[in-house]
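Heads up: the structure comes next, in structure tokens.
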Amino acid sequence: MDEQALLGLNPNADADFRQRALAYFEQLKISQDAWQVCAEALAQSIYSDDHIKFFCFQVLEHQIKFKYSELTEVQQQLIRETLITWLQAQMLNPQPEKTFIRNKAAQVFALLFVTEYLTKWPKFFFDILSVVDLNPRGVDMYLRILMAIDAELVDRDVVHTSEEARRNTLLKDTMREQCIPSLVESWYQILQNYQYNNSELTCQCLEVVGAYVSWIDLNLIANERFINMLLGHMSVEVLREEACDCLFEIVNKGMDPIDKTKLVESLCQVLQSAGLFSIDQEDDVDFLARFSKLVNGMGQALIASWTKLIKNGDMKSAQDTLQAIEAKVALMLQLLIHEDDDISSNIIGFCYDYLHILKQLSALSDQQKANVEAIMLAVMKKLTYDEEYNFENEGEDEAMFVEYRKQLKLLLDRLAQVSPELLLASVRRVFNTTLQNWQTTRFMEVEVAIRLLYMLAEALPVSHGAHFSGDVTKATALQDMMRTLVTSGVSAYQHTSVTLEFFETVVRYEKFFAVEPQHIPAVLMAFLDHRGLRHTSPKVRSRTAYLFSRFVKSLNKQMNPFIEDVLNRIQDLMELSPPENGYQALLSSDDQLFIYETAGVLIVNSEYSAERKQVLMRNLLTPLMEKFKVLLEKLMMAQDEDRQMALADCLNHAVGFASRTSKAFSNKQTVKQCGCSEVYLDCLQTFLPALSCPLQKEVLRSGVRTFLHRMIICLEEEVLPFIPSASEHMLKDCEAKDLQEFIPLINQITAKFKTQVSPFLQQMFMPLLHAIFEVLLLPAEENDQSAALEKQMLRRSYFAFLQTVTGSGMSEVIANQGETSQKYLRFVQKRAILKLKHVFQVSIYIK
């Protein structure tokens with residue numbers, strides 16, 4: 001082999017050597033006999049370098065995977081002999097191979113097994129077992145090969161073709177007939193020989209048993225000698241985690257419901273007598289996480305048996321199974337309430353399914369009611385944040401807790417289905433007790449009390465959020481809690497989690513304020529002052545901006561007495577922050593969008609006269625227009641590119657803010673009724689000159705385009721005089737992305753105004769086509785996927801434009817363009833026919 005190229009296999013080699021090694025590997029893959037050199041190197045242990053050994057296995061792997069059928073029988077026999085020779089050497093070498101080499105070797109063995117077991121190597125396992133016997137290194141490789149074979153045949157993460165799936169089924173069937181009992185016997189012998197002196201091999205073997213038990217005869221494993229050995233491992237610290245996983249797989253195996261109940265019960269009796277049902281918070285959490293998963297599996301297995309027995313009408317056996325389930329609830333609760341969230345999370349499935357059973361029963365016993373209440377209290381406790389949670393810099397641990405909380409919420413929803421009255425009463429008790437003394441209560445307890453009230457909104461669903469009508473008991477309880485929330489002063493609690501939960505909850509229950517509107521001023525002040533939009537935390541300010549917008553929109557007419565006061569208070573929050581003033585605004589530009597939208601909604605939905613609305617809207621938008629003019633002049637003179645970008649972004653924000661205020665309007669009629677058409681026309685005249693700015697064109701055009709889209713809805717035909725000039729500027733110096741975003745604007749105008757814009761379309765049709773084809777015909781590098789995708793998207797936009805023109809009854813616009821347009825249309829025709837040929841595989845000739 002090329003020794004110089006092999007140097008590049010070392011991870012510390014420089015880039016040139018690595019590139020050479022890669023090229024060499026590609027060369028060997030296409031070579032007819034390179035694999036034989038690698039096979040010889042492995043069989044005779046020519047190389048001591050680990051990376052070269054790994055490389056040789058990779059070459060063999062490629063040969064077996066892609067070119068095996070090209071080999072003669074003698075060559076195929078050589079590969080078999082090479083692997084067996086290598087395996088024999090493992091038991092004689094002074095040091096075992098590195099783990100990554102053993103794993104790669106196991107993968108190659110597995111590939112050869114899949115290829116040859118049904119035809120040329122039916123004694124695959126017996127040959128390997130005769131070589132390895134009970135030699136520890138041999139057993140290690142044997143177990144790795146078994147896991148690699150299971151991955152090839154069963155692993156659901158590997159996508160198989162239908163042919164491979166059929167082959168795998170045949171392989172498993174053949175194994176079950178010919179060798180599985182012998183393999184199981186070998187596992188038992190390995191466990192018996194190594195359980196006390198080689199924990200690593202024992203754990204590997206338990207992993208193999210757990211993997212294979214899902215598709216072999218369960219009686220081979222679920223018998224007295226095997227189960228007793230596994231249960232014995234449960235009391236050995238270094239083995240018990242893997243034993244837990246193995247027992248879980250056994251329990252998880254599909255079987256007759258009565259037999260499953262007997263199996264689970266016999267396991268439970270032994271585990272309980274071994275003292276494993278008494279959970280100590282100080283126990284090894286890694287083991288308890290696995291044990292919790294096992295208990296969850298046993299519980300869900302019993303519930304699945306109960307469901308089948310009920311369906312089959314076997315009520316006696318079903319009742320026995322239900323008693324077995326009930327007997328596990330105390331253990332389930334110990335695990336659910338455990339302070340480690342992984343342990344608690346692993347038992348939630350059992351808990352959820354148990355509640356589903358209770359939901360189906362006609363009446364609950366006193367014990368079952370007590371169980372429901374215990375689960376409820378456990379959920380409430382586990383929802384609570386711990387002291388270590390980092391609210392300002394949330395990382396992986398925080399993300400995991402958020403996911404865990406989502407699981408608990410599903411439990412709470414299921415509790416509501418079983419006993420809504422009990423849930424409501426429990427939450428009410430916790431909420432009232434906590435909020436009576438919120439000043440002296442820890443933040444996590446205050447937060448969870450408000451969170452529970454918030455979660456009731458989904459747990460006790462109603463039509464259109466009407467929580468404060470209908471069922472008097474529920475409506476009264478929720479109304480009392482909301483009144484307590486907004487009058488207790490808890491919004492002033494000095495912790496971001498409590499503050500955010502307060503605002504989330506008042507918005508979730510916005511219909512409360514229709515029932516008791518006297519609380520609106522206090523909540524508005526909380527939104528507007530240091531508790532909300534002016535909070536010290538950017539996270540709170542940002543979320544509050546969005547929630548404030550929702551709150552105002554939902555209350556609509558009830559906001560009328562407070563409109564001007566609110567507009568005055570948020571005025572400074574809407575200031576455009578140019579890059580040169582160095583002032584750090586309280587809100588980001590994205591947050592300001594919500595504030596501008598809120599201001600627009602307040603003005604439009606007010607009961608003021610059209611004249612007053614116009615004045616208020618002009619007061620809102622005039623500062624933006626004035627700042628825009630000044631900033632555009634500064635941009636035209638700016639030399640530094642970073643400053644140009646900063647100014648362009650600021651201009652884009654100004655256009656975006658103005659656009660966002662128009663979301664309060666649904667159509668031209670509402671704009672006219674509010675007397676605001678003139679204000680938005682002024683905005684148009686202010687913003688359109690940005691299109692002729694030669695700097696930062698992409699950013700400026702994007703903002704103005706979005707504004708035009710909105711104005712077509714709000715001003716309708718009043719916007720038409722501005723379109724020709726705007727289009728002319730937007731078609732200058734276009735790139736593919738510019739055109740992709742411009743064409744939807746033209747489509748919107750065409751579809752809305754149809755023949756009314758026919759003269760405009762006649763005028764701009766050819767310039768648009770020229771711009772499109774100029775971009776499409778630009779040469780691009782062969783491997784530039786980004787450019788190819790942009791061109792593909794532009795072609796789609798072009799076809800959509802033609803479809804819109806013809807669909808709007810203006811085919812004459814195309815017909816009147818003369819010969820040049822026909823050339824472009826022939827391109828369209830050819831593209832369409834090529835597409836049809838691709839789809840229907842028909843022969844079409846273009847004459």
### Message
Is there a salt bridge (charged side-chain N to carboxylate O under 4.0 Å, His left out) between D217 and R176? Walk through the geometry before answering.
### Response
CA-CA 8 Å; D217 180 3; R176 280 188 279 254; over 6 Å; no
### Query
Would one find more than 12 heavy atoms of other residues, nucleotides or ligands at under 6.0 Å from atom CD of E224?
no
### Query
In this structure, are over 12 heavy atoms from other groups packed under 6.0 Å from E200 atom CD?
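Atom CD in E200 is not packed in, count stays at 12 or less.
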Residue pair [X] / [Y]: nearest heavy atoms and the distance that separates them:
X: L424; Y: A477; answer: CD2-CB, 3.9 Å
X: A459; Y: A416; answer: O-CB, 3.2 Å
X: S273; Y: V270; answer: OG-O, 2.8 Å
X: V379; Y: L408; answer: CG1-O, 3.9 Å
X: F113; Y: I149; answer: CE2-CG2, 3.6 Å
X: S292; Y: N346; answer: OG-CB, 3.6 Å

Would you check if there is a donor-acceptor pair between the side chains of [Y] and [X] at a distance under 3.5 Å?
X: E326; Y: Y354; value: yes
X: N371; Y: Q367; value: yes
X: Q479; Y: E516; value: yes
X: S199; Y: Y194; value: no
X: E185; Y: Q189; value: yes
X: E394; Y: N390; value: no
X: H356; Y: R414; value: yes
X: N393; Y: E398; value: no

### Task
Assess whether salt bridge (charged side-chain N to carboxylate O under 4.0 Å, His left out) is satisfied between K262 and E265, documenting all intermediate values.
CA-CA 5 Å; K262 287 177 182 174; E265 283 300 87; over 6 Å; no
### Task
Give me the ring orientation class for Y188 and F226: parallel if the planes are under 30° apart, tilted from 30 to 60°, perpendicular past 60°.
perpendicular
### Query
Between Y389 and F391, what is the ring plane arrangement, given parallel below 30°, perpendicular above 60°, and tilted in between?
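Y389 and F391: tilted rings.
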[X] side chain to [Y] main-chain N or O, any donor-acceptor pair under 3.5 Å?
X: D342; Y: A289; answer: no
X: K253; Y: V213; answer: yes
X: E177; Y: T174; answer: no
X: R144; Y: A106; answer: no
X: Q407; Y: G349; answer: no
X: T433; Y: V430; answer: no
X: Y404; Y: A399; answer: no
X: N193; Y: I190; answer: no
X: D314; Y: S317; answer: yes
X: K293; Y: D245; answer: no

Give a yes or no on whether a salt bridge exists between [X] and [Y], defined as a side-chain N under 4.0 angstrom from a carboxylate O.
X: E163; Y: R166; answer: no
X: K474; Y: E421; answer: no
X: E510; Y: R550; answer: no
X: D413; Y: K409; answer: yes
X: E504; Y: R543; answer: yes
X: D256; Y: K308; answer: no

Hey, are the side chains of [X] and [Y] touching, using non-hydrogen atoms and a 4.5 Å cut-off?
X: T484; Y: Q436; answer: no
X: L331; Y: F291; answer: yes
X: M380; Y: V427; answer: yes
X: S426; Y: L377; answer: no
X: V507; Y: S554; answer: no
X: L206; Y: L230; answer: yes
X: W187; Y: Q192; answer: no
X: L146; Y: F125; answer: yes

Quick one: pull up [atom1] in [X] and [atom2] in [Y] and give me the separation to the nearest 0.5 Å.
X: D286; Y: D340; atom1: CG; atom2: CG; result: 8.5 Å
X: E152; Y: M147; atom1: CD; atom2: CE; result: 12.5 Å
X: L452; Y: T434; atom1: CG; atom2: OG1; result: 8.5 Å
X: L415; Y: M376; atom1: CG; atom2: CE; result: 4.5 Å
X: M481; Y: L456; atom1: CE; atom2: CG; result: 5.5 Å
X: D173; Y: Q178; atom1: CG; atom2: CD; result: 11.0 Å

### Message
Applying side chain to side chain contact (heavy atoms under 4.5 Å, CB included) to I180 and V184, what does each step give before you reach the verdict?
### Response
CA-CA 6 Å; I180 286 295; V184 172; 4.0 Å; yes
### Query
Does the pair D386 and M444 meet the rule for a side chain to side chain contact (heavy atoms under 4.5 Å, CB included), with working shown?
CA-CA 7 Å; D386 60 31; M444 62 279 288; over 6 Å; no
### Message
Given R442, which partner from the list E387, H495, E447 fulfils the side-chain contact (heavy atoms from CB on, under 4.5 Å) test?
### Response
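Only one of E387, H495, E447 forms a side-chain contact (heavy atoms from CB on, under 4.5 Å) with R442, namely E387.
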#### Entry: ring pair (Phe, Tyr, Trp, His ring centres under 6.0 Å), paired with F551, selected from F513, Y509, Y546
F513
### Task
Start with the C-alpha gap between Y196 and T202, add the side-chain angles, then the distance that decides, and say whether side-chain hydrogen bond (donor to acceptor under 3.5 Å, both in side chains) holds.
CA-CA 9 Å; Y196 299 119; T202 306; over 6 Å; no
### side chain to side chain contact (heavy atoms under 4.5 Å, CB included) between F512 and V523, intermediate numbers included
CA-CA 12 Å; F512 165 76; V523 175; over 6 Å; no
